[in-house]
Amino acid sequence: MNKAVSVYFISAFFVGALSASGVAINSANAAAELNGANIAIADSGSEDAVSADASGSMNDDVSSSLQALLSGMKQFRAGFNQTVVDAQQNVVHEAQGTLTMTRPNKLRWETTFPDETLLVADGEAVWNVDTFVEQVTVLSQANAIKDNPIVLLTSTDETTWSKFTISQMNSGIVADNSASGINNDVALESYQITPKEEGGQIVTLTLTFNQDNELASLNMLDAQQQISTLVFKNIETRFPVPADTFSVDIPDSFIIDDQR
C-alpha cells in the first residue's frame, strides 16, 4: 500500500507531525505549468527598490484582499485530483478524493484512490486514521499547525496571518487545461504565501481562484523542491454540514496513539 500522498498532506497541514513525501496536481504538464508560474516573483520588486514601509503596506493590502476572498469561503467542499511531482517534474504518485473545510479551523481530507485515507481536524485536535495498520494518531491542532501557510485556509486569527508574507501574482488565462478540471480560457487570480520564519517544510503556498472567486487549485513548493498541488472540481461553497463531518468513529480494534 502506497501512502505517500496522505502522509505528505498531513505533514504539510501539520508541520513536523509526520514525515513528508509529496502532493498534488492532476498531470505532469499541469504541474510543470503551475510550478513555472508559482515560483516566479509575484511582483516587480526586482526593478525598483521599495521602502520597507511601502512594502509592508502593500503586503497588508494584498493580505486583506486574500482574507476577503477566504472569508467568503466559510464552507468549501470539492473533489480533487492529486499527483506527486518530484524536483525533476517526474510524476511519482496520483490520487483522488474529497476535501471539506469550514471556517474557522475545521477540515476533512479523504482519499478514495488509490487507497482510502482519512484526516480530520476538528478545531482542537487532528485525527489521522490509518486503516491499513488499524491505528489512529491524535495530535494537538494548535501545536501542529504553527508557522505553516496552509493554516490560512481556515484561520481567521490576525496573529496567525501576521506570520506570513503574501504576494498577489499576475492573473493569467488557462488556455488548455481541461484535464485539470479548470475551465478553458478562464482568468485566474493567484496569491503566493511565504512564511516569514524560514526552515519550515513548506517554502511557498499558492492559492489560485477562478472567475467565481472559488479556490480552483492549491500549490505547494516544499523544502525538497517537490511541487504539491491539488486541483479542485465540483466545488461547493454552500451546503448542509452533517454533525459527524469533523468527528471520527474509531473501531474498537484500532490502536489510538494520542500525542496531544
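Positions are given from 1 along the sequence.
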### Task
Indicate yes or no: at least one non-hydrogen side-chain atom of Tyr191 is less than 4.5 angstrom from one of Ser65.
yes
### Message
Can you confirm whether Asp257 sits close enough to Val138 that some side-chain heavy atom of one is under 4.5 Å from a side-chain heavy atom of the other?
### Response
no
### Task
Might you confirm whether atom CZ of Phe239 has over 12 heavy atoms from other residues, nucleotides or ligands at distances under 6.0 Å?
yes
### Message
Can you pull out every salt bridge (charged side-chain N to carboxylate O under 4.0 Å, His left out) where at least one residue sits in residues 67-91? Sequence neighbours excluded, please.
### Response
Arg77-Glu236
### Message
Using only atom types and a distance under 3.5 Å, with no angle test, would you say the side chain of Ser71 pairs donor to acceptor with the backbone of Ala68?
### Response
yes
#### Entry: Nearest-0.5 Å distance, OG1 of residue Thr112 to CD of residue Glu110
8.0 Å
### Task
Apply side-chain contact (heavy atoms from CB on, under 4.5 Å) to Phe209 and Leu69, showing your working.
CA-CA 9 Å; Phe209 297 83; Leu69 278 172; 3.9 Å; yes
### Query
In terms of hydrophobic clusters joined by side-chain contacts under 4.5 Å, are Ile256 and Phe254 together?
yes
### From CD (Gln89) to CD1 (Ile227), nearest 0.5 Å
6.0 Å
### Query
Does a side chain donor of either Glu189 or Gln211 reach within less than 3.5 Å of an acceptor in the other side chain?
no
### Message
Run Thr159 and Trp161 through side-chain contact (heavy atoms from CB on, under 4.5 Å) and show every step you take.
### Response
CA-CA 5 Å; Thr159 301; Trp161 278 77; over 6 Å; no
#### Entry: Polar side-chain atom of Gln96 near backbone of Phe113 as donor-acceptor pair, under 3.5 Å
no
### Task
Would you indicate whether the side-chain heavy atoms of Arg103 and Leu70 approach each other to under 4.5 Å?
yes
### Task
Specify the closest pair of heavy atoms between Ser190 and Thr206, including all atoms of both residues, with the distance to one decimal.
CB-CG2, 4.1 Å
### Query
Do Ser63 and Gln67 get their side chains close enough for a donor-acceptor pair, meaning under 3.5 Å?
yes
### Query
Trp127 and Phe246: aromatic ring centres closer than 6.0 Å?
no
### Point-to-point distance, once rounded to the nearest 0.5 Å, from CG of Leu99 to CZ of Arg108
11.0 Å
### Task
Measure the acute angle between the ring planes of Phe232 and Phe80, then classify it against the limits of 30° and 60° as parallel, tilted or perpendicular.
perpendicular
### Message
My understanding is that only residues two or more places apart in sequence, or in another chain, count here; which of them pass side-chain hydrogen bond (donor to acceptor under 3.5 Å, both in side chains) with Gln225?
### Response
none
### Message
Per the side-chain hydrogen bond (donor to acceptor under 3.5 Å, both in side chains) rule, what does the pair list look like for residues 240-254, sequence neighbours excluded?
### Response
none
### Message
Taking Leu118 as the starting point, is it possible to reach Val241 by hopping between hydrophobic residues whose side chains are less than 4.5 Å apart?
### Response
yes
### Task
To the nearest 0.5 angstrom, please state how far the CD1 atom of Ile166 sits from the CG atom of Asp60.
9.5 Å
### Query
Nearest 0.5 Å, what's the CG-CG distance between Asn128 and Asp130?
6.5 Å
### Query
In Å and rounded to the nearest 0.5 Å, what is the OG1 to CD distance from Thr137 to Gln259?
6.0 Å
### Query
Quick one: does Thr117's side chain get under 4.5 Å of Val129's, heavy atoms only?
no
### Query
Does the side chain of Thr160 reach to within under 4.5 Å of the side chain of Val151, using non-hydrogen atoms?
yes
#### Entry: Gln224 side chain to Gln201 side chain, donor-acceptor N/O pair below 3.5 angstrom
yes
### Side-chain heavy-atom pair Ile193, Thr165 within 4.5 angstrom cut-off
no
### Task
Identify the two heavy atoms, one from Ser167 and one from Val62, that lie closest to each other, and give their separation to 0.1 Å.
C-CG1, 3.8 Å
### Task
Look at atom CD of Glu124 and say whether more than 12 heavy atoms of other residues, nucleotides or ligands are closer to it than 6.0 Å.
no
### Query
Are His93 and Pro114 close enough that some pair of their side-chain heavy atoms sits under 4.5 Å apart?
yes
### Query
Side chains of Ile202 and Thr204: does their closest heavy-atom pair fall under 4.5 Å?
no
### Query
Okay, side chain of Gln141, backbone of Asn105: is any donor-acceptor separation there less than 3.5 Å?
yes
### Message
Between Leu119 and Val126, is the side-chain contact (heavy atoms from CB on, under 4.5 Å) condition met? List the steps.
### Response
CA-CA 7 Å; Leu119 171 72; Val126 181; 3.4 Å; yes
### Task
Report the residue from Thr156, Thr154, Asp157 that forms a side chain to side chain contact (heavy atoms under 4.5 Å, CB included) with Pro104.
Thr156
### Task
I would like to know whether Gln192 and Met169 meet side-chain contact (heavy atoms from CB on, under 4.5 Å); could you show each step before the answer?
CA-CA 7 Å; Gln192 189 175 79; Met169 302 170 66; 4.0 Å; yes
### Query
How close do Gln75 and Thr102 get, heavy atom to heavy atom, and via which atoms?
CG-CG2, 4.2 Å
